[in-house]
Every structure is written in structure tokens, then in C-alpha cells.
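Working notes, structure below.
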Amino acid sequence: MASVVFGFQEMEKTQLMLVGGKGLNLGELSKIQGIQVPEGFCVTTVGYQKAIEHNETFQALLNQLTMLKVEDRNQIGYISSKIRQMIMEAEIPSDVVTSVADYLSMYGNEHAYAVRSSATAEDLPHASFAGQQDTYLNIIGKEAILEHIRKCWASLFTDRAVIYRIQNGFDHRQVYLSVIVQRMVFPQASGILFTADPLTGSRKLLSIDASFGLGEALVSGMVSADCYKVQEDQIVGKRIATKKLAIYGRKEGGTETHEIALDQQKTQTLTEEQILQLARIGRQIEAHFGCPQDIEWCLADDTFYIVQSRPITTLFPIPEANDQENHVYISVGHQQMMTDPIKPLGLSFFLLTTNAPMRKAGGRLFVDIARQLASPVSRNMFLNMMGQHDPLMKDAIMNIVERGDFIKLLPNDHEAPRPLRDNTDMLAQIENNPSIVSELIKKNQTSIEELKQNIQSKSGSDLFDFILEDIKELKKILFDPQSTATFMAAMNASTWINEKMNEWLDEKNVADTLSQSAPNNITSEMGLALLDVADVIRPYPEVIDYLQHVKDENFLDELEQFEGGRETQDAFNAFLNKYGMRCAGEIDMTRTRWSEKPIILVPLILGNIKNFEPNAGKRKFEQGLRVALEKEKELLDRLKQLPDGEQKAKETKRMIDRIRNFIGYREYPKYGMINRYFVYKQALLKEAEQLVNSGIIHEKEDIYYLTFEEFREAVRTNKLDYQIINKQKADYKLYEKLATPRVITSDGETLSGAYKRENLPAEAIAGLPVSSGVIEGRARVILNMEDANLEEGDILVTSYTDPSWTPLFVSVKGLVTEVGGLMTHGAVIAREYGLPAVVGVENATELIKDGQRIRVHGTEGYIEIV
């Protein structure tokens, strides 16, 4: 049987389940040379388990608690209080009592002690659980300490601790509590030290909060603290707070609150020398644990004592680099409208597909732009482009550039990457051949059909070799200069039109109207095609009723029993054949596709039946086309009235034709890529089945937590260390809680940027205008496409939209997203459908409440809450 009590020096790194996170870290701290840790011991989880293990009522209550959800607040409160009461009445095992008495006599019965909870799910790299269990200060005497050990055990079931565990997916039955008993220090000052700045994420900037007396006043929020910033052994920032109160220990036990004398309230808590000494201690502890730390400290008799250190769990990881140079990374997710983490297999495929210098961090991808920023020519080009596409990202980058010392300009500009030349010959070739779009689409489709045929005969290691070879074909299609030139021609023409019409006719963002119902847009056609599916189902009330109540994943097979069931099956299958490889977050090939889970589409189709009349898809397209053509005629007529009007009208007509002919193709290359990814995925899942049958993995989806190479090796050798999957699953769970920074530096500093705008109405929420017009309506804040319950006239407010969200666009009158730029998919489709849209709105889903009436100014780029 494991020991019931350990001294700090006796603990081992492997004993998390015995001493909990806090206890384990204190044991480690006490072994670092030169770090002062108040001496103490830990009552292990064995004592807690012994106290409750034979109590059947306790186990029954625990089982009830396990069934509850966060919303069941009243039941959580009731059951938790009964469990706490039971623990307080439980007898402390005799060997715990004896061991505690032995350690107290060793350290001194007469001394005061802090009695602190240490749960097995606490101070972990992926969940801090800070402050969830209780701490008691200045406890004197064996009986009082034993009583407070019970109180700590009971605090495992405070309402807040129970709810936190439910939110973080921890099983109450698998979490145990140990209790730390530690010699009390009576400090003149105490506080918290972060070895990385918690606000900016910079690993070079160390942040110290300091106040008088015990740290409880600071932790509980009773007092403001001084804040000192230290970088490379220099104090680079100080904020001295007015400190009115402090908590001190009483001689007879317990604590009391004192008012600080008026002349002392604005005194700096630590001297400059003490600040730097504490910073050095912080760096030493960080080096020992190997990651940024959140450290609790106190100062007594001119000695710094460390009473806790835990990993900072909220920092975004820094993309890996092979050198010590300064780097600036921009988020790929903000460009691809998918800021969630991507599973390892999905990351592998995206990295195999791209030519850009990408780096991984936090389950996301980033592009290193340090080289572009190092050259005056490429820097200006890059910033101009970024200003058009994502002003927030540009502002964040400018913040770094303007410091002058982080990315230094190269002495000779020829060392920088050369800007791309305008390929005039190719542009002329494309312009004279509008059928180029259908040729490119046909080439892509033929290639995918060949892939589907050829992959069927491949398995084992041959399949992986075949996929790597086929990815070369995918890249050839994706980065075909003719393909890129085609949609760039349309994008450049849009910019030209907007600038010239503003200059000549004083009209803003005209290209938005001219883009409506452009041909060959695979994504906007998808939204209209789902309206056509609704038209097929509309005449059959039995089918509609069945779909309204369906929950079974295999619902399509059951349709045949209803009148119209076969027609519904055919319509569904036709839609899935063309678009079934799509889904939310589709750049991650591990995400569930519509073909794999068609039930996702049912609420969208039912919404279309409710909100639209028959034939709405055709009417919407024709209306957009009419608006675009009328706008074209109006512009050309007005231009002809100007000086040199015929020439202006001729140039403008040429640019309008470029937009109309080529802008729809902007969506096709990605569609082709996602199509190919799905073919690869289906073949790889067959290999996963073989691994399941051989007992190598537990379930097919486990392969998503392997990189391409790890998966390939498992198939080749028929062996796998399952710890790889467990670790990468745990990492992914951690990454899901992190927000993706727009920009992050190699110091770990994250920057999000701000809009530099004047003349906005008071209380306006600023964003990037991407589709013109003004619309007012009910805001529907939707974070998951499957939860959409829209009515015509609603305005969709969400974090990001990729092509899979397009079917919702037909039901709404406007769009607001937190992520996006001028040419991201949501913006392109909003323009094509004629929806006023504002994107890149920081925290839109928090600032705008579901059901509020809002006004979206798509031309000027802001939202008003009406």
C-alpha cells in the first residue's frame, strides 16, 4: 500500500495520482538549488480514498453527480452539499492521524501551518483548476490541522469545482485530493510572478504582481497590486497601485484584514533590486520546468519564498523555428476561414499540399513572413496587399514593423524575394478566351475521376506512396499559373473598378454589385442546389414530417416507405455526389463530411421549405443577374457623359467582363482540393479498419491523431505505440481551448490589430466592408452550422464561414463574421448573393446578442445595434 504521507523532498515526479498537481510541483520546487520553499508534507490521496471508500451512500451520490450537466445547477448544489457534509463527518484513518502527528513533531507542533488542497486534476499543463479547491492559512495545532484536512477533502465538491470538472470533461470518480501541510510564512509582501506576459504572450517579458501582506488579498480580488514588467534583467514597466488593505496572520491562528496607513498606500511594494532578484528566481524555475510558469511567492525577512508554481495554460504555443532569429508568423486559419485546431493527419495533408513556408503551433498553421518584412520592396507590397485583404492583420504587423528593432531591413534589396511580375501575355491569352474557366474545371474533374479509378486497387504501403505521388498532381492543378492568373484577373479588375468608379462617379464598392450571380461559382451554386432539393421534397408531407423527427444517421435508407421517398433519396444523393465532400472546417480532412453524415443537411433543407416559395433558387440567381446587368448598363451610360467618356466606358466594360467571366472560378481550386482530400480519406479509412481488426488501434478515427508518416509506419510495421495517439488527443483537447492569434512572433507575443477609422457613429462596431449595402434585421448568433434555425430576413453572425456555410446564405439578408477578408469565401459568396457583409469583427459573437436587432453597413464596414 502506498504511503499516506510524504515530505516534499520524498516525492517523485511519477506520483501525480498520490500528491496531486500542486503537491507534485512543490516537491519539484523544493529540490531546485537556491529556491526557498517553506518546509512541509503532503497527505496523499490514499488517505482521502480510505476515508470514503466503504461509504456506499457516498458512492451512490457520486454516481448521481456524474450524470449531471452544467445546466443542472440546483441538483449539483444539492448533491454536492450532501457529499461535503458526509466527508466532514467521516473519520480520518488512524494511519493518517499518526503520520501527520509524526511530521508535525518533526517540523514543530508549535508552528502555524497553511493547509492546502492538491487535486489530481489540478495545475496540469492543459487545465490549471486554479482556485477550485480550498486553502486555509495560519492553522495551529494537530487537531485543528486534521479538521482542516477534512475541509480540504470536502472542498473537492464545492459547486464551482464540480462545474469546472464537468466543463473540462473530468470524471468526478477519477479525481482525488491530497492535502499539503506547509510551514506558514508571515510575509511583508507577496504576489504572483508570470515568466511570460499573460496579456501579450511574450516569453521575453516577465510580469510581477505585488502587494503587502498575504497573497490571499490579491487572489481574492480585495486589493489592486503593483505590476512590474522585466525584460532581459531590465525593469521596462511599472504600475504602482493604491493598496488600501492587506491580510496578515494572527498569532493565535487565522487571518485578519488591516487598513494600510494613508502615506503607505502608494508606496512601491518591492524595491528595484528585489524586483530583479525575483525575476531571476522566476527564470530559474521556468528553466527547471521547461515551460512558462505562474508562480506564487512571498517575501519575509528579506528572503523570497516560493509557495507554488504551475504551467501557464493560456499561452498560445510558438511556431517552431530552426534558428534563433526573430520571426513573424501570420495565421493561415484567418485566411482559410477556419480558426479551429486541425488534427495531426489533417495538418499533414495541408502541409503536403502547400508551397508556402508554413509552421505548426497549437494545432494551427502559420506562415513565416519575416523575409518579406526584411526587404523594403516586398514589405510594401505585402503590407499593401494585406491592407486590402485583412486590415486587422496589417495593423498587427505594422505594430511590429514600427518598432524598428524586431525585423531589421536587409542592407541590399536584391537579397529579398523578388516581387511577382505582371504576366501580361498570359492575361491577354485568358482575356481573349472566356472558355478558359470551363477548360480548367474540366481538366480538374477529369483528374479527380482518374484518381477515383486508380486508388481503388491500392492498399498498405502502396496506398501511401500512391497518395504522395497524386499530391504532386493536386499541387500542379492548384498552382497552375493559368489557373491563378484567371481568378487574379477578376480580383484585380474588381480593385480597378472600385477605384475608378469612386474617382469618376463617386460610387463605392461597385464591383460587389457587378459580381452578383457570376457564372461557374461552384460554392454559390451549392446554396441554390440545396433550394432545389427542398423543391423536390416540398410536395410530400409524409417525408417532411419524417425529416422533422429523424435522428437516425441512416435515415436515407428508411425513406422508401413514404410517398416521395424515392424522389427525396435521388435528390439527396445527387446533391451529395456533387457536394458531399464538403463540411464545416473542411481544410481539416479529418472533419466529418456531409456524405458521411447527411443528417447535418436536414435542418437546412427544412428551413428552405419553410422560408421559400418553390423555384426560389432559379429566381434568386436571375434576380442577381438582372441587378448586375442593370448596374453595368447604368455605369456605362453615366461614364459616356464624362469628358473622354467613350474611352472610360470601353475600359470599364473590359474590366466588368473580366469580373463576370472569371470571378466565379475563384472558388473552384479549393473545391477540387477538398474533393481530392475526400478520396484520400475514404481509402485511408479502409486501412484504418485493417488496423482495428489487427488490434493496433481501438477505432478508425484514432488515425486522425497520427501524422501521415506515423500512420504510414503503423501500416508498414503493423505496430504502434498507443501513447502517441493518447498524447496527441490530449494536445488537441488543449488546443481547442486556445484562440488563434492573427499574428504571433517568435517571442510568443500575439497581436490582433485594430481598425484605424474615423467618423464612425458612436457605439458602432467596426469591421471590414466586403459586400455593399445596408440591411437591418434580427441577429442570429450561430457558432455551429447544425444549430442554425433561421428565418428569412435574419442576419447571420458567426465566428467564421467556409464554403460549407453557403446553404445558410440563401436564408439570410446580411452577414457578420469575426474572421475574414476581402477575398475569403464568405465575402465572395456574400457579394454574389448580394448580401451586405462586414467581416473581421473582433468578438462579434460576444458583442452582438442573439435576437438583437442590428443594422449592417456593408459599404462602410460597421454594425449598429438598433
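All residue numbers refer to positions in the sequence shown, counting from 1.
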_One pair to check against side-chain hydrogen bond (donor to acceptor under 3.5 Å, both in side chains): Arg371 and Ser378. What are the steps and the verdict?_
CA-CA 9 Å; Arg371 274 180 60 76; Ser378 64; over 6 Å; no
_Arg582/Glu667 under salt bridge (Lys or Arg N to Asp or Glu O under 4.0 Å): CA gap, chis, key distance, verdict_ = CA-CA 13 Å; Arg582 309 218 90 148; Glu667 292 290 300; 5.5 Å; no
*Audit row: Thr339, Arg364, side-chain contact (heavy atoms from CB on, under 4.5 Å) steps and yes/no*: CA-CA 8 Å; Thr339 51; Arg364 279 84 167 177; 5.7 Å; no
*asked:* Please evaluate residues Arg538 and Asp535 with respect to the criterion salt bridge (Lys or Arg N to Asp or Glu O under 4.0 Å), reporting the C-alpha separation (whole Å), side-chain torsions for both, the decisive distance (0.1 Å), and the verdict.
replied: CA-CA 5 Å; Arg538 198 186 305 276; Asp535 283 349; 2.8 Å; yes
_Candidate pair Glu499 and Thr495, rule side-chain hydrogen bond (donor to acceptor under 3.5 Å, both in side chains), full reasoning_ = CA-CA 6 Å; Glu499 286 174 359; Thr495 305; 6.0 Å; no
_Could you go through Trp496 and Thr652, starting from their C-alpha distance and side-chain angles, then the distance that decides it, and tell me whether this counts as side-chain contact (heavy atoms from CB on, under 4.5 Å)?_
CA-CA 9 Å; Trp496 187 93; Thr652 301; 3.8 Å; yes
*Checking salt bridge (Lys or Arg N to Asp or Glu O under 4.0 Å) for the pair Arg619/Glu613: CA distance, chi angles, key distance, verdict?*
CA-CA 10 Å; Arg619 276 200 311 279; Glu613 294 295 316; over 6 Å; no
*Apply the test side-chain hydrogen bond (donor to acceptor under 3.5 Å, both in side chains) to residues Asp340 and Tyr800: give CA-CA distance (whole Å), side-chain angles for both, the deciding distance (0.1 Å), then the verdict.*
CA-CA 10 Å; Asp340 296 344; Tyr800 64 80; 2.7 Å; yes
*Run the side-chain contact (heavy atoms from CB on, under 4.5 Å) check on Lys620 and Phe612 step by step: do they pass?*
CA-CA 11 Å; Lys620 268 184 175 290; Phe612 295 100; 3.6 Å; yes
*Lys631 and Glu634: salt bridge (Lys or Arg N to Asp or Glu O under 4.0 Å), yes or no, with the steps?*
CA-CA 5 Å; Lys631 190 67 188 174; Glu634 178 216 319; 3.3 Å; yes
*Can you check side-chain hydrogen bond (donor to acceptor under 3.5 Å, both in side chains) on Tyr677 and Thr353, steps first, answer last?*
CA-CA 10 Å; Tyr677 274 11; Thr353 308; 2.8 Å; yes
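Shown here are the salt bridge (charged side-chain N to carboxylate O under 4.0 Å, His left out) partners of Asp637, two or more places apart in sequence or in another chain: Lys633. Residues forming a salt bridge (charged side-chain N to carboxylate O under 4.0 Å, His left out) with Asp588 (at least two apart in sequence, or on another chain): none.
Between Leu847 and Glu842 the shortest heavy-atom distance is CD1-O, 3.5 Å. Here the shortest heavy-atom pairing between Ser811 and Asn611 reads OG-ND2, 4.3 Å. Of all heavy-atom pairs between Ile537 and Phe572, the closest is CD1-CE1, 4.4 Å.
In this structure, Phe809 and Tyr833 have perpendicular ring planes: the angle between them is above 60°, well past the 30° mark. Ring pair Tyr665/Tyr668 is parallel by interplanar angle, where below 30° counts as parallel and above 60° as perpendicular.
Within a 6.0 Å sphere centred on CG of Asp506, other residues, nucleotides and ligands contribute 12 heavy atoms or fewer. Heavy atoms of other residues, nucleotides or ligands lying less than 6.0 angstrom from CD of Glu503 number more than 12. Heavy-atom neighbours of Lys442 NZ from other residues, nucleotides or ligands within 6.0 Å: at or below the threshold of 12.
Taking a cutoff of 4.0 Å between a charged side-chain nitrogen and a carboxylate oxygen, Lys813 and Glu792 qualify as a salt bridge.
For the atom pair CD (Gln335) and CG (Leu365), the distance works out to 12.5 Å, reported to the nearest 0.5 Å.
Counting only distance, with no hydrogens or angles, the side chain of Arg757 and the backbone of Gly767 share a donor-acceptor pair below 3.5 Å.
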